[in-house]
> 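If you scroll down you'll find the structure; I have some questions about it.
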Amino acid sequence: MEKRIPLIIDTDPGVDDAFCLLLANSSDRVEIRAITAVAGNVSLHYTLENARRLAGMMGLTETRVAAGAEKPLIVPQETAEMAHGKNGMGGLELPETDKEVDPLPAWDVIYEECKKAGGEMQVAAVGPLTNIAIALLKYPELKGLIKHLTIMGGAQTAGNHSPYGEFNIWADPHAAEIVFQAGIPMTMIDLDACHMSYLTDEEYDAFVGMRNRYSECFFDFMAKRDGERRKRMAGTPYAGKYGPCDAVTIAALLDEDLFTYECLPVSVETHGPCMGRTVVDYRNRAGKTPNCRVVKSADRQKFVDLFYKMAEVYAK
Ligand code: RIB
């Protein structure tokens, strides 16, 4: 069997973050060395508690869970309770656990684990990039220790938190710009990518029907909650499509052929009316070095297959 990829997931659980963690854990391609929590969807209090409980629920005894940044580097904090509920899980109470939080902060855990992995570590960052930026600022040599960084963030076309701002980038644009310009090999799974890779309502219902050890404590609740989304999306271009962004991001890491990419120069607007915009220079008019893989097309069935495989792996 192929050697598992050592993986750190930096996250702000977050409903779709939870799908991301469950999908990652269902794969024999990765070994989750650390889950680092950052404030984003909700406050760090809840993102950390959700990360701890999800790690406990999945029995990740060897995985370090660490607390990261409580707020963005510079801009005032804005969270996304309207999308994830006050506790970040849409009101679902995850099972209690005795899983402990690491005594070190996220940035130190990221550095330690990347050093231990000897340059083989991959990082999936599915929340604001504050922890990653702080880790890079504190440990400049870290950029040579991350084999590949896959982020959920950005938008090639329309944003979801402002006209051009996708939430993760918009929530901490300065951290995002530090990360994009750090020179780490990276992939941006942006909103446009998430709209190419989704489950249809029928596929999602079929997935929920595949009973597994997390049906009662997680998937059934999220399926009921999805009813509200379906009503909201009726009549829009997103109707009948469920692409939890963070799960799409980890799917891209698990299956290299889910998307096709082009490596392009990408930068982040850190102020003004387009703050939080990821600026993709398709024709390299600024003459900058391409620094990020940007999604061009998707094989959607590969995303569906990963969800069905997850149900199979977790089947009772
Ligand atoms: O814009 C989508 C992103 O914002 C996802 O990571 C979701 O969890 C929210 O944080």
Side-chain angles (χ1 to χ4, degrees), residues 8-24 35-51 54 68-72 75 77-92 94 123-133 149-173 175-176 179 186-198 218 222 225-226 229 232-233 238 241-253 268-269 275-278 294-295 303:
I8 291 172
I9 300 177
D10 191 72
T11 176
D12 59 340
V15 169
D16 60 327
D17 306 69
F19 276 93
C20 162
L21 291 167
L22 283 157
L23 190 56
I35 297 172
T36 50
V38 65
N41 283 319
V42 290
S43 68
L44 180 68
H45 166 80
Y46 287 114
T47 60
L48 177 61
E49 180 59 4
N50 291 331
L54 286 161
E70 288 185 292
K71 58 184 175 54
V75 297
Q77 181 174 38
E78 279 209 29
T79 54
E81 270 91 0
M82 71 296 200
H84 297 264
K86 185 172 182 313
N87 78 341
M89 283 291 125
L92 170 68
L94 290 165
V123 178
V126 294
L129 293 167
T130 319
N131 289 347
I132 311 299
L149 168 67
T150 304
I151 75 161
M152 192 286 127
Q156 296 181 61
T157 54
N160 61 358
H161 212 76
S162 71
Y164 294 107
E166 175 281 323
F167 177 76
N168 287 338
I169 306 297
W170 181 91
D172 194 341
V179 173
M186 71 183 279
T187 296
M188 172 176 95
I189 304 298
D190 70 304
L191 287 177
D192 299 78
C194 296
H195 296 149
M196 296 178 206
S197 178
Y198 54 85
F218 181 78
M222 292 306 168
R225 187 170 177 272
D226 193 56
R229 183 191 61 83
R232 258 197 341 270
M233 294 300 160
Y238 310 113
K241 298 175 182 176
Y242 184 57
C245 294
D246 298 341
V248 173
T249 302
I250 207 73
L253 190 149
V268 176
E269 292 283 16
M275 185 192 88
R277 182 175 193 175
T278 43
V294 176
V295 167
F303 180 64

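Just so you know, these numbers use all the heavy atoms, side chains as well, and skip hydrogens, waters and symmetry mates. We count ligands from 1, going down the list as the structure has it; atoms in each ligand are counted the same way.
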> Look at the rings of W170 and H161 and say which category their plane angle falls in: under 30° parallel, 30 to 60° tilted, over 60° perpendicular.
tilted

> Carefully, step by step, assess D10 and T36 under the rule side chain to side chain donor-acceptor pair (under 3.5 Å).
CA-CA 5 Å; D10 191 72; T36 50; 2.5 Å; yes

> Looking at T11, N50, T249, T47, which one forms a side chain to side chain donor-acceptor pair (under 3.5 Å) with D17?
T11

> How far is atom 10 (O) of ligand 1 from the closest protein heavy atom, and which atom is that?
N41 OD1, 2.7 Å

> Give me the nearest non-hydrogen protein atom to atom 6 (O) of ligand 1 as residue plus atom name, then the distance to 0.1 Å.
D246 OD1, 2.6 Å

> Which of the atoms of ligand 1 are close to N160, meaning less than 4.0 Å from one of its heavy atoms?
1 (O), 2 (C)

> Name the closest protein heavy atom to atom 3 (C) of ligand 1, giving the residue it belongs to and the distance to 0.1 Å.
E166 OE2, 3.3 Å

> How does V15 reach ligand 1, if at all, at less than 4.0 Å between non-hydrogen atoms: by side chain, backbone, both, or neither?
neither

> Could you go through the side-chain contact (heavy atoms from CB on, under 4.5 Å) check for I151 and I169 one step at a time?
CA-CA 10 Å; I151 75 161; I169 306 297; 4.1 Å; yes

> Which atoms from ligand 1 have a heavy atom of M152 less than 4.0 Å away?
2 (C), 3 (C), 5 (C), 6 (O)

> Looking only at protein heavy atoms, identify the closest one to atom 8 (O) of ligand 1 and say how far it is in Å.
D16 OD1, 2.6 Å

> Verify, without hydrogens or angle tests, whether N87 (side chain) and L92 (backbone) share a donor-acceptor contact under 3.5 angstrom.
yes

> So which heavy atom on C194 is nearest to which on I189, and how close?
SG-CG2, 4.3 Å

> Answer side chain, backbone, both or neither: which part of H84 comes under 4.0 Å from ligand 1, heavy atoms only.
side chain

> With side-chain contact (heavy atoms from CB on, under 4.5 Å) as the test, would you mind laying out the steps for R229 and Y242 before giving the verdict?
CA-CA 9 Å; R229 183 191 61 83; Y242 184 57; 3.3 Å; yes

> May I ask you to check whether V126 has an N/O atom sitting below 3.5 Å from an N/O atom of ligand 1?
yes

